[in-house]
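Notes for the one structure printed next.
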Amino acid sequence: MAVYDSRTREARVFAPITPPRVGLYVCGLTPYAPAHIGHGRTFVVFDVVARSLRRWGYRVFYVQNVTNLDDKLIARAAEEGIDPLALAERHFAEYARTMERLGVRSVDYLPFATDYIPEILAQIRALVDRGFAYRAADGSVYFEVARFPGYGKLSRQNVAELRPGARVEVDPRKRAPEDFAIWKAATPGEPSWESPWGPGRPGWHIEDTAMTGRLFGPRYDLHGGGVDLIFPHHEAEVALSESATGEAPLANYWMHCGLLLLRGEKMSKSLGNVAPLDASVDKAGPGPLRLYYLNAHYRSPLDFDPDRSLDEAREAYARLRQPFDRISEALERGGPDREGTEPPGPLGDEAEALVERLDATLADDFNSREAIALLFGWARRLGELSGSLDAIAPAGLERIRAPYDWASEVLGLFEERRAAPEDRSSRVVDVAIAARARARARGDFAESDRIRDELRAAGIDVEDGAAGSRWRRSGPG
RNA sequence: GCCGAGGUGGCAGAAUGGUUAAUGCGACGGACUGCAGAUCCGUUUCCUGGGGGUUCGAUUCCCUCCCUCGGCUCCA
């Protein structure tokens, strides 16, 4: 398995510190507002990373932090007149529901920043004691970048050439513009904790290193997040942890997910170009949305067009899953004891070889796009024999379904199909279809069309073919 | 200004120092159908930002220019 490490800027063979265990840490959400479709990309990508590693035998401990207290949360909560921690809780609950719908279930632990205050204070203490951090007059504590010579090695930034204040105003309490707050002095009315430097709350960067220090130790295997976090956030994490512990590197591999752009630009509240994640799951369905995300290399930027991207993904997803549905239906119809033939030709062997190839493709820096292209090839292959599936014995059907099972396990596709097999065997629908068949047989197309329209209104699509009528649920797949 | 990622057909997006540059969407044609949709098959063999260079051969490697996007100390 090889992964592109954004620290060394090259693809490297993956070797965990203590195999088969893998510590995976991904920067999660600051739940000050509902998650948008760009967040979804990052979390689906790392869901596939975790699924893949587990499939290949690694025992992954996947941690994704939740920054449940920061300036934006406090500002937003003040607008709404509620407690910032409660606001975070509310948006986090929605986020968790959306992740569940999207099939993102690989995360083992979602620690909240405010649950790690003792670890944060301990790390600040270590940094102050070692001379890497200083207390400002108001009781805030800052990390002094000039004391850490390795600063910039992750992002390859040169401190002298940065442009302070480009996006965020420079805090006058700092000794140097590049210093950053690790403890923020309390403001009346905001949540705060006692500390040796006065009451306050944690800065952003130190929450991650306090958590990983506690959960993984001074070094761990894999750190992920969006590319927009490389600087300053991840650079600050490196500086904090390596200064506090004296051990390096903090993470052996850094994976950075490309941004999802909305018509060429990053989503932001100020531009007003935010596509909410939950509504996108509603519109596209979990499977198509995952397909959309995974249909680009994770490191590439991905351009989202709200007018067409989700529709395209739905069309493609429906096409991809068609043979899978046919196989599953054939299996359900006959039961495991149904008699039948072997799959024609060497198809079963091809399926086996394809699964190996899919694993190899994903093992090459998680090239999900290439894997999807291979899966479409398999769909085409199976489409050629769609009519004769019924003749194949259950064991044979399961063999040729193997690439789809792979896609389900690793990419998280087609899970909705598995979750709701009862949709396929609704007696009521079968009765309506039978009534419509009788109407068609006697040439009563007005009645036949009326039944079809009513079924469609109820979310059932009817398809007429040579072998009779078939039906399926319409709507998000 | 500095750091980084990109520029591939109508659109979204892969890949590779070498026969027709994947895959999907869309479009077109056909099969199926009472019609439609869905599905299946086929076609879309004049697509690699501009200019240099290395090479027998460059979309791929090197240089340069242009453009877009991201970051520059609280963004997935």
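Residue numbers begin at 1 in each chain, while the letters A, B, ... track the order of the sequences. Note that the coordinates shown come from a computational prediction; the quantities given were computed from them, not determined experimentally.
Counting any heavy atom pair closer than 4.0 Å across all strands shown, A:R9 reaches sugar-phosphate atoms only and no base atom. Residue-level contact check: A:G38 touches the bases, meaning some heavy atom is under 4.0 Å from a base atom. In this structure, A:V462 reaches the bases: a heavy-atom distance under 4.0 Å links it to at least one base atom across the strands shown. When heavy atoms are screened at a 4.0 angstrom cut-off, A:Y151 is found touching base atoms of the nucleic acid. Among the heavy atoms of the strands lying under 4.0 Å from A:G28 are primed sugar atoms or P, OP1, OP2 only; no base atom is included. When heavy atoms are screened at a 4.0 angstrom cut-off, A:Q157 is found touching base atoms of the nucleic acid. A:E178 comes within contact range of at least one nucleobase, with a heavy-atom separation under 4.0 Å. Contacts of A:F376 with the nucleic acid, taken as non-hydrogen atoms under 4.0 Å apart, involve only primed sugar atoms and P, OP1 or OP2. Among the heavy atoms of the strands lying under 4.0 Å from A:L261 are primed sugar atoms or P, OP1, OP2 only; no base atom is included. At a threshold of 4.0 angstrom between heavy atoms, the contacts of A:R436 include nucleobase atoms, whether or not backbone atoms are also involved. Backbone-only contact: A:L229 has heavy atoms under 4.0 Å from sugar-phosphate atoms and none from a base.
Phosphate proximity of B:U73 to A:K174: absent, as no side-chain N or O sits under 4.0 Å from OP1 or OP2. Look at A:R156 and you won't find any side-chain N or O under 4.0 angstrom from OP1 or OP2 of B:C2. OP1 or OP2 of B:C40 sits under 4.0 Å from a side-chain N or O of A:R319. Side-chain nitrogen and oxygen atoms of A:R308 include none within less than 4.0 Å of the OP1 or OP2 phosphate oxygen of B:C25. An OP1 or OP2 oxygen of B:G24 is reached within less than 4.0 angstrom by a side-chain nitrogen or oxygen of A:R380. One finds a side-chain N or O of A:T30 lying less than 4.0 angstrom from the OP1 or OP2 phosphate oxygen of B:A76. Phosphate proximity of B:A76 to A:K266: absent, as no side-chain N or O sits under 4.0 Å from OP1 or OP2.
A pairwise comparison of heavy atoms in A:G139 and A:W183 identifies O-CD1, 3.7 Å as the closest pair.
Comparing B:A36, B:U73, B:A76 by their closest approach to the side chain of A:L162 singles out B:U73. Here B:U73 is the nucleotide among B:U73, B:C40, B:G4 with the atom lying nearest to any side-chain atom of A:V159.
In summary, the aromatic rings of A:F414 and A:Y317 are positioned with their centroids under 6.0 Å apart. A ring-centre distance under 6.0 Å is not found for A:F46 and A:Y62. Separation of the A:F43 and A:Y95 ring centroids falls under the 6.0 Å cut-off.
In summary, the side chains of A:N65 and A:E207 do present a donor paired with an acceptor at a separation below 3.5 Å, with no hydrogens or angles considered. Side-chain contact annotation: A:Y25 with A:D208, donor-acceptor N/O pair under 3.5 Å present. Between A:E235 and A:S155, the side chains place a donor N or O and an acceptor N or O closer than 3.5 Å (distance only, hydrogens not considered).
In this structure, A:R442 pairs ionically with A:D444, as a charged nitrogen and a carboxylate oxygen lie closer than 4.0 Å. A salt bridge links A:R450 and A:E454; the closest N-O separation between the charged side-chain nitrogens and carboxylate oxygens is under 4.0 Å. A salt bridge does not link A:R97 to A:E94: none of the charged nitrogens lies less than 4.0 Å from a carboxylate oxygen. We find that A:D71 and A:R201 are joined by a salt bridge, their nearest charged nitrogen and carboxylate oxygen being less than 4.0 Å apart.
Regarding A:F180, its CZ atom lies at a distance of 14 Å from the P atom of B:C75, rounded to whole Å. As a whole-Å value, the separation of A:M255 CE from B:A5 P is 16 Å. A:N273 places its CG atom 14 Å from the C1' atom of B:G70, with the value rounded to the nearest Å. Rounded to an integer number of Å, the gap from CG of A:D453 to C1' of B:C35 is 12 Å.
Rounded to a whole angstrom, the distance from the P atom of B:C40 to that of B:G24 is 11 Å. Annotation: B:G18 and B:C62 have their P atoms spaced 15 Å apart (nearest Å). Distance check on atom C1': B:G52 versus B:C47 gives 23 Å, rounded to whole Å. The gap from the P atom of B:U45 to that of B:A22 amounts to 9 Å, rounded to the nearest Å. Comparing B:G70 with B:A31, their C1' atoms are spaced 49 Å from each other, to the whole Å. B:U60 and B:A15: their C1' atoms are spaced 10 Å apart (whole Å). Atom name C1', nucleotides B:A36 and B:A76: the rounded distance is 44 Å, in whole Å. Taking atom C1' on both nucleotides, B:C65 is separated from B:G9 by 25 Å, rounded to a whole Å.
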Can you check each nucleotide of nucleotides 12-21 of chain B against protein heavy atoms at under 4.0 Å and return B for base, S for sugar-phosphate only, - for none, in 5' to 3' order?
SSSS------

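Remark: RNA chain B forms stems of 3 or more consecutive Watson-Crick or G-U wobble pairs, all pair distances under 3.5 Å, at B:1-7 with B:66-72, B:10-12 with B:23-25, B:26-31 with B:39-44, B:49-53 with B:61-65.
Qualifying salt bridge (Lys or Arg N to Asp or Glu O under 4.0 Å) partners for A:R101, counting only residues two or more places apart in sequence or in other chains: A:D278, A:D282.
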